[in-house]
Amino acid sequence: MTAFGVVAPIIVIAALGLLFARKAVHAALALAVVMIGLAVLYAANGAPFLFAVQIIVYTGAIMMLFLFVVMLVGVESGPEAVSDPIPGQRVAASFVGLAFGVMLVIGVGQVLANGFSAPVAAVEDENVEGLAALMFGPYVLAFQFTAALLVTAVLGAMVLAHQDRLTPKASQAELAAQRVRDFGADGKHPGNAPTPGVYARHNAVDVPALLPDGTPLESSVPGSLVKRGQVIRPPVTGPGLGEGNGEAGGGSGPRADGEAGGGSGPRADGEAGGGSGPRAEGEQSE
Amino acid sequence: MSDVFGNEPFWVVALKALLIFVILVVYTLFNIWLERRVVARMQHRVGPNVHGPFGLLQSLADGVKLALKEDIVVKAADKVVYVLAPILATIPAFLAWSVIPFGPEVTIPFTDTVTPLQLTDMPVAVLYVLAVTSIGVYGIVLAGWSSGSTYALLGGLRSSAQVISYEVAMGLSFVTVFLYAGSMSTSEIVSAQTDLWYFLPLLPSFVVYLISMVGETNRAPFDLPEAEGELVGGFHTEYSSLKFALFFLAEYINMVTVSALATTLFLGGWRAPFGIAQVWEGANEGYWPVLWFLGKTLFFIFLFIWLRGTLPRMRYDQFMAFGWKVLIPFSLAWIFVVIVLRKLQNEGSIDEVVVNWAGVAVAVLLIAFIALRRDKPTPDRPDPATGSAADGYPVPLPFDDSEKESAR
Amino acid sequence: MVWLLVAFPALGAALLLTWGKESDRFGHLIATAASAASFVWGVVLFVRLLGRDHDDRTVTDTLFTWISTGDFHVEMSFVYDPLAALFVLLITGVGTLIHVYSIGYMEHDERRRRFFAFLNLFVAAMLVLVLAGDYLVLFLGWEGVGLASYLLIGFWQHKPTAAAAAKKAFVVNRVGDIGMALAIMLMFKEFGTTEIAAVGDSVAGTAASTITALGLLLLLGACGKSAQVPLQSWLLDAMEGPTPVSALIHAATMVTAGVYLVVRSNAIFDASETARTAVVVVGLVTLIAGAIIGCAKDDIKKALAGSTMSQIGYMMLAAGLGPAGYAFAIFHLVTHGFFKANMFLGAGSVMHAMDDDVNMRHYGALRTALPVTFATFGLGYLAIIGFPGFSGFFSKDKIIEAALAHNVWIGLATVLGAGITAFYMTRLMAMTFAGQKRWKDEVHPHESPRVMTVPLMVLAAASVLGGILLLGDWITDWLEPVVGHTEHEHVVILGAEWPPIAVSALVTVVVAVGVALAWFTYGRREVAGETPEKVSFLTRFARNDLYGDTVNEWVAVRPTMTLARGIARFDQHGFHRAITGAVGLIGEGASSMRAWQNGFVRSYALGVFVGALALTLALLVVIWR
Amino acid sequence: MSDLLSLSMILFTIGAVGVLVRRNALIVFMCVELMLNATNLAFVAFAREHGNLDGQLAAFFVMVVAAAEVVVGLAIIIAIHRSRGSISVDEVRQVRG
């Protein structure tokens, strides 16, 4: 019973954690600990198959499903309010729970006091085979029913969680064709947006990337940062960049020429309008 | 399953556990080096070759560097879970190895103790591996959630959905092995393969397992959780330093774990490859089987690397559809076939040898069929490198000056 | 392959009921073909049966196990034996002729397809009834016949009288069915089986009182279906149905089901003197009552209906005589089937000619207008009054002879019945075909189309020749395996033995007196165009169906209504008050408890746990005690 | 034996109190699972005591049924969340969508 001595306190503490956890994820973790602990107890008590099934089914599948749902819905489900809307619920619940526990202790104690007629003789070696013989022998009907139950449950869950699409889903080919059409219509860049430049002073995504000719590519900075005005200008990277950024359109010197004329295709088009405005803001806030 | 398990002196168990730990860590360092070298070779590069002989110490150096980096805890993170996640990912990876048999019973040097080269075994050992693997998923999910980052969350969700989905196909591929071996204990499965390794009669299961083991370990071409173009780094985007190293370690150990499991279930475990044992009596005795075992495992590792170097990443929905709509139904159908065969065999309707060799014949036919299909001439496609591919290497199109001029 | 007999008409009915309007054009042909096919198959089976050994003429065809629960098993089995064979031929033969006749008769009816579907349904049910090897299967056919007759009597449901008549027939038949159902239950309780043969075997060694009860219950059932006193009242009203229905159901087949039941259950009746006597009494009373009613009716169909009652009374009486009479009951049943169907169809033909007027006082001198109808009707008439050489002569004679041998007074009553029969039938003939024309000028009597007259001719021929069956005692011989050997009994009156020829002579004389009386009353004198009001008490008595409805009204309807009203009043003032009071109480209690219904799931969960706690506590208390 | 049963009872009671006290539908659901697990433990304990496997099989069936229950239950929670934007059991007081 060494396993019990180690595992039981952990299980109880984890179960209490379930009761007192503020966040649903913590509760789920606590429950997972309980389940794994129980699995260990199963293994220690002549039920190796249940040990595996407990972990695979409960911990691996059921609790994982819980975690999924927590993550799907849990973003806004903050900790519960302190005051309970039902008057006296906590006190009553604690009382009833306690009474229930006492009752259980008395009841089971009664059973134990009467003792068992059968001797302790767990057949550990043939655990899997024995279970199989039972499952496909006397309990085969129940087994079949659980199969039907599972299928029904899956269907039910799909029906409950299903949301009908109003329009057919666009295929990859259609999306690609649409991107090319957009490019043809108003020059929207068909590929990924360019990644921001790396300037390892701190979190680097707020620094625009530089084009080969040294001009910053404003569309490489995430839009939200631009809105917040948190875009950073690299202090000095190329000749004249520091002083040249203010006059955006009407730049002077040979480089401006290159920019206006060559412009390296569509990307320059897209950026010309959108890039200049926010950049000015970014400078002001800086 | 030997009675020895669970009844050994404590020091033997401790020694074996320590050995497994050491082997796994060293093996991981070796694998990282191997992967870099092999991928480099496939990409016409050289790879790490400076530190140590053949650059073998490169991984060690990287590991030390990684551990010494600044450990960043993101502000939006859920601190407890954030720290817990990498540990949760790593521990189960090691745990799975407790039931993998490295070899037969050996005498520990300098003592009289005879012990099998396996930490422990249980009647449900393979299920145990599955169970432990499913705990490992927690590390990924929790890492994704606790980082407080959208990329990480999506990567974590993707990863866990992927692992869970492919775990089903994986479990189904085990079922036929259980049916053939009549046991779920690893040591007994190995001993059941004395005459015939299961990858031949159970080729479909083997193929399903090979595919799902790649999906299970989030490796290319199924490395969607870390799809850099979409999710930056996936669930470990916000991790750095030792915590990231733990994820890294867990991933490589998982690779080795599934490889070892494949070896145990389909390639005869620690048994010497066909032919060697016939020539050399002692091939399956003493410490030699460890060599065979590690060699077979290495073969699978190479397979992983090869796939990574060859195949492009799949799209997520295609990947899930493949798992649920192809692998699982196929596995179920195959299990049904095997059950019918085993039933007939158990009733004496057909001979076991016939079944086995029928399976082998089907396998050979399948392989031959696929091979012949590959030989079919593919319709000629316009060579993108027309005109300058005389020696078979594609080269960029000839540069046209006039175009450049007009662009200007 | 006995089941094919049932299958044809059943299939026809199903087809016609489910097929849409497009089958209106040819539905009647399908039905007729189904019936005819069944008849042809019946003939084939009959010939096969003839080819068998005398003692080996029972074919059992078990289709499937209908009911199997505990020790009780009911096989869906058909037994084809000489008795059933005769019935099959009668039902399908006459049935087919009536189908053919109906093609013409119902030609202008919108719902003709439905009518034919019901006819087929009826034939199928009747065949189930006579072929059944088990009382429960018989009951199935029995109820099927009841259903079909309900549908057919009320076929012209737009007429309130027809709807009421159908309802009446249905309700009265249910009274008889109670007897039948109780009889089957009693069989199950006593013998553990309801199979007819097994029941027959189990009769020996059962308490006499049980057998008597069984016989009386079966008699009650037979009374209902065969319109015997006291359940006779529905038959006259049932004439509201189309005339082919009257011919098929209320003359040739359905009303004979009671006789069939008694003959089929001969083992039971053989064993109980009391039951037999009851049958004889019922038959005798009905015989006379029907005859008297027949004398007073001006409605041609009702006069015939009274005659039917009377003739079935003869059969019942014969069946009640035991082994001496079974065969003659069946013999008379067959011949009666021929001539009564003939006359009903003839009456239909007359009505057809007279624009559906049924009052005989509006007829007269139709012999020239309807020569074929007159000729065939006349042959049927001669048969029913027992004109020597015609089928009715032989069959009725045999019954009278057996009755005389059994008991002189009963025999004399049957002789009297024969005389009255002659009287009212002559009256009917005279009022319809002889004398001066009394119909209005706008009515133009015309002979019916060929499709209606041909069945008449066939049936007339059968009415004439039906006596052949008695040649060499064939019919008694034929039925012997089923009903036992018919002893030839000697008629002894006033200590002297009368030869059969003397009995025949006596009957013929009485009949001649009846004919002469009627002829001088109605044939030679002018018949009033309207029903005379000033008549003797006896006539009024007969006209009102011997006050059968009145008796029913006072004996059954009134007390029941009074009881029902009392119960309704008690329900209103007693139960209703109590219930509304209880509801109010509960409602108030509920609204006071509504506060508990706060909508919080957790509160309910708390309730659940408190409940579980209480349960566990109770359990523990039980254990500690 | 009695140790396992005591643990089972403690867990069951904790689960029961959790169902009564917690308001997050997910956590309430987890508490229900805890109660199921507690009964499973009792089943295993009794199976060991009786020396046969029926108890273990019962626990197995409980797991399967629990899996079905969780699938449907979580789908309902998602549906509720979708329509009400909350998963507090106290919010679901009216019987209408």
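Lettering follows sequence order; numbering is per chain, from 1. What you are looking at is a predicted structure, and each value in this text was computed from that prediction instead of being measured.
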Inset, instruction - Please say whether more than 12 non-hydrogen atoms of neighbouring residues, nucleotides or ligands are located less than 6.0 Å from CZ in A:F136. - result: yes
Inset, instruction - Check whether B:I135 gets within reach of chain A through its side chain, its backbone, both or neither, counting any heavy atom under 4.5 Å. - result: side chain
Inset, instruction - Start with the C-alpha distance between B:V80 and A:L29, add both sets of side-chain angles, then the distance that settles side-chain contact (heavy atoms from CB on, under 4.5 Å), and finish with yes or no. - result: CA-CA 11 Å; B:V80 182; A:L29 270 182; over 6 Å; no
Inset, instruction - Could you check which of B:V81, B:L88, B:L142 has the highest count of heavy-atom pairs closer than 4.5 Å to chain A? - result: B:L142
Inset, instruction - Determine, stepwise, if the pair B:D78 / A:V25 fulfils side-chain contact (heavy atoms from CB on, under 4.5 Å). - result: CA-CA 10 Å; B:D78 186 309; A:V25 173; 5.9 Å; no
Tell me which donor-acceptor pairs under 3.5 Å the side chains of residues 122-134 of chain B have, and how far apart each pair is, sequence neighbours excluded?
from, atom 1, to, atom 2, distance (Å)
B:Y128, OH, B:L95, O, 3.1
B:Y128, OH, B:S98, OG, 3.2
B:T133, OG1, B:V129, O, 2.4
B:S134, OG, B:A131, O, 2.6

Legend entry - B:K79 NZ: over 12 foreign heavy atoms closer than 6.0 Å: yes
Legend entry - Shortest non-hydrogen contact from A:F68 toward B:A161: CZ-N, 3.8 Å
Inset, instruction - Look up atom CE in A:M64 and atom CD in B:E167, then write down how far apart they are to the nearest 0.5 Å. - result: 9.0 Å
Inset, instruction - Any chance you could measure A:I56, atom CD1, to B:I164, atom CD1, to the nearest 0.5 Å? - result: 12.0 Å
Legend entry - B:V141 versus chain A, the contacting section by heavy-atom distance below 4.5 Å: both
